[in-house]
Structure formats: C-alpha cells, structure tokens
Amino acid sequence: TIVLSLPTEPPPQESFAELLRYNPDTVGFLTIGETVDLPVVQRENDNEYYLTHDFYGEKRKSGAVFMDEANEIWPQDQHMILYGHNMKNGTMFARLTQYSTIKYAARNPFVYFDTIYETGTYVVLAAMRLPAKETMTPSFNIRTFFFGDASFNSFLYAIRERALYVTTVGADANDQLLSLVTCSYNENDERFILITRRLRENETEDDIRALIKGSNK
C-alpha cells in the first residue's frame with residue numbers, strides 16, 4: 001500500500017509573532033505601494049465578522065482586510081481572495097480602484113502578500129468592475145480556488161471578456177493567483193477586482209517592469 005503524506009506545516013515566520021499574539025486569526029500581511037500596508041485575517045466559515053470588526057476585534061465600519069473563509073494558506077490554494085472595504089476617507093482598499101487604468105498598473109505592477117508561512121510577490125494581471133451578482137455565475141465565479149488546465153483557461157477567458165484591461169504578464173495553469181476585492185461606488189452593489197499572479201521563480205521584478213508596459217486588450 002502506498003501512503004501519500006502531505007508536506008508538514010511549517011512554523012509561522014518569526015516576523016508574524018507579534019501580530020499573532022494580538023490576533024490568532026492573522027494569516028498574512030499585504031503591502032501595495034504606499035496605499036496598503038495591513039495585516040490580513042481570516043475566520044473559518046465566516047466572511048461576515050471582519051466586515052464590521054477591525055484587526056483588534058473592535059466594532060468598526062472600516063472592518064479589516066480578510067481572506068476568503070474557504071481559502072487555505074497551507075498548502076496554499078492556487079487562487080486566494082482578499083476582501084477590504086472601500087472607505088471614503090481613503091483607508092483600507094479605497095485606493096485599490098486606482099488600478100482601474102493600465103497606466104497606473106504599469107507604474108505600480110507589484111503586490112506583496114506574505115502569508116504567515118512564506119513570502120510572496122505578485123504582479124498585476126487584470127482589473128474588473130462588475131455588479132456583485134456577476135462575480136459568481138456559471139460562466140464566471142471569482143470564488144474558484146483550484147483549477148485544472150481547462151478550467152484555468154476558462155477562468156482567464158472569462159476575465160479577459162470582462163476586464164477593464166489585461167496586462168502583458170500572462171498566466172498559465174501553473175501560476176498562483178491572488179485577487180483583491182472591494183466595493184466600487186460607480187454603481188450600486190458593484191465590485192472592483194484586481195487580479196494578480198505570483199512572480200515565477202525564473203522572473204525578476206525588472207523583467208516584469210519591462211513586460212507590463214503594454215496591454216493585450
């Protein structure tokens with residue numbers, strides 16, 4: 001009998017020790033230029049709590065940046081989703097909507113998301129603005145966490161059909177994706193979604209800067 005063993009879960013990175021003491025729900029830390037520099041939390045089977053509670057568990061309209069209840073960070077899902085409020089005072093994910101243009105994405109192509117277990121650099125792949133009801137349909141479901149070759153290609157095709165733009169960095173079924181989701185004030189109950197993919201082992205940030213200066217849409 002062949003017994004398959006899963007990789008042993010590593011201890012959290014030492015850099016997260018203090019955040020984990022404050023809040024055991026901590027799963028990572030997100031940095032986007034000078035606009036976002038925040039811890040990321042997650043409650044199992046609960047995508048509601050951190051809509052109204054901050055990192056410290058205090059009731060607050062701004063809530064916290066949180067990972068989808070269904071995501072796993074070890075082993076890491078192929079597609080992770082982070083949510084944050086679009087606060088009118090410019091906090092949380094408010095400035096994420098600056099990524100509505102390809103020009104802004106080309107100037108600011110990197111998103112840094114470290115989980116408590118590993119560091120990660122992500123590059124902007126596409127941006128979308130959709131009614132909330134259109135983010136989870138039979139033809140496109142943002143809450144898709146695993147892919148085969150065919151389903152990955154279908155997911156990318158659906159993004160391309162709906163995107164404000166698609167950068168030239170490209171993606172394939174071996175890539176890990178990270179999506180950032182917030183409210184958009186253009187229409188009632190609209191969502192702004194920034195989709196990124198993880199920097200590959202054979203890529204450098206300079207490679208991406210050279211590549212992302214165009215759009216294939």
Side-chain angles (χ1 to χ4, degrees), residues 28-38 40 65 67-68 71 76-84 86 93-115 119-131 134-135 137 139-184 186 190-217:
F29 199 92
L30 179 69
T31 303
I32 311 174
E34 298 178 356
T35 64
V36 177
D37 195 40
L38 293 167
V40 177
V65 175
M67 178 177 282
D68 194 284
N71 267 140
Q76 187 169 305
D77 289 342
Q78 189 174 3
H79 181 206
M80 297 182 295
I81 306 176
L82 307 184
Y83 305 96
N86 182 350
F93 272 4
R95 296 180 182 176
L96 196 66
T97 56
Q98 292 177 314
Y99 280 95
S100 295
T101 69
I102 182 72
K103 288 184 179 179
Y104 187 85
R107 292 195 304 266
N108 304 272
F110 301 108
V111 169
Y112 302 94
F113 178 56
D114 298 342
T115 72
T119 59
T121 298
Y122 293 79
V123 297
V124 175
L125 183 63
M128 297 187 293
R129 190 180 282 121
L130 294 173
E134 293 183 20
T135 64
T137 68
S139 59
F140 175 69
N141 185 353
I142 190 66
R143 295 185 75 230
T144 303
F145 306 110
F146 300 97
F147 306 96
D149 286 351
S151 61
F152 190 89
N153 290 336
S154 296
F155 189 74
L156 285 187
Y157 178 80
I159 290 170
R160 188 179 296 277
E161 289 295 293
R162 294 160 176 79
L164 298 169
Y165 62 82
V166 179
T167 68
T168 54
V169 300
D172 61 41
N174 295 314
D175 286 319
Q176 284 184 313
L177 303 182
L178 173 70
S179 292
L180 312 177
V181 181
T182 193
C183 292
S184 169
N186 279 24
E190 191 176 63
R191 300 290 182 267
F192 179 81
I193 304 171
L194 184 69
I195 298 174
T196 70
R197 71 153 172 85
R198 193 163 183 170
L199 192 72
R200 298 165 183 161
E201 289 186 5
N202 63 342
E203 290 176 325
T204 68
E205 291 191 9
D206 285 342
D207 292 336
I208 295 300
R209 287 190 184 94
L211 187 61
I212 204 172
K213 289 180 179 177
S215 168
N216 54 14
K217 180 176 180 179

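Side-chain contact, Thr101 with Arg107: no donor N or O sits under 3.5 Å from an acceptor N or O.
Listed for the Thr182 side chain is a donor-acceptor partner under 3.5 Å among the backbone atoms of Gly84. Proximity of a side-chain donor or acceptor of Asp77 to a complementary backbone N or O of His79 within less than 3.5 Å is not detected. Checked by atom type and distance alone, the side chain of Asp175 pairs as donor or acceptor with a backbone atom of Asp172 at under 3.5 Å. Asn71 places no side-chain N or O within donor-acceptor distance of the main-chain N or O of Phe145, the cut-off being under 3.5 Å. Put simply, the side chain of Thr121 never gets that close to the backbone of Leu199: no donor and acceptor are under 3.5 Å apart. Under a 3.5 Å cut-off, the side chain of Arg197 and the backbone N or O of Gly170 do form a donor-acceptor pair.
Under the ring pair (Phe, Tyr, Trp, His ring centres under 6.0 Å) criterion, Tyr83 pairs with Phe66, not counting sequence neighbours.
The environment of CZ in Arg95 is sparse: at most 12 heavy-atom neighbours from other residues, nucleotides or ligands sit within 6.0 Å.
Here Ser184 contributes atom OG and Arg191 contributes atom CZ; the two are 9.5 Å apart, rounded to the nearest 0.5 Å. Between Tyr122 atom OH and Tyr112 atom OH the span is 13.0 Å, to the nearest 0.5 Å. Rounding to the nearest 0.5 Å gives a distance of 9.0 Å between CG of Leu180 and CZ of Phe192. With rounding to the nearest 0.5 angstrom, the CZ atom of Phe152 is 11.5 Å from the OG1 atom of Thr144. Distance check, rounded to the nearest 0.5 Å: OG1 of Thr35 to CG of Leu30 gives 8.5 Å. Separation of atoms CG (Leu177) and CZ (Phe147) is listed at 5.5 Å; rounding is to 0.5 Å.
Exactly one of Ile195, Leu82, Leu125 qualifies for a side chain to side chain contact (heavy atoms under 4.5 Å, CB included) with Leu178. That residue is Leu82.
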Practice item. List the steps and the verdict of side chain to side chain donor-acceptor pair (under 3.5 Å) for Asp114 and Thr119. Key: CA-CA 4 Å; Asp114 298 342; Thr119 59; 4.7 Å; no

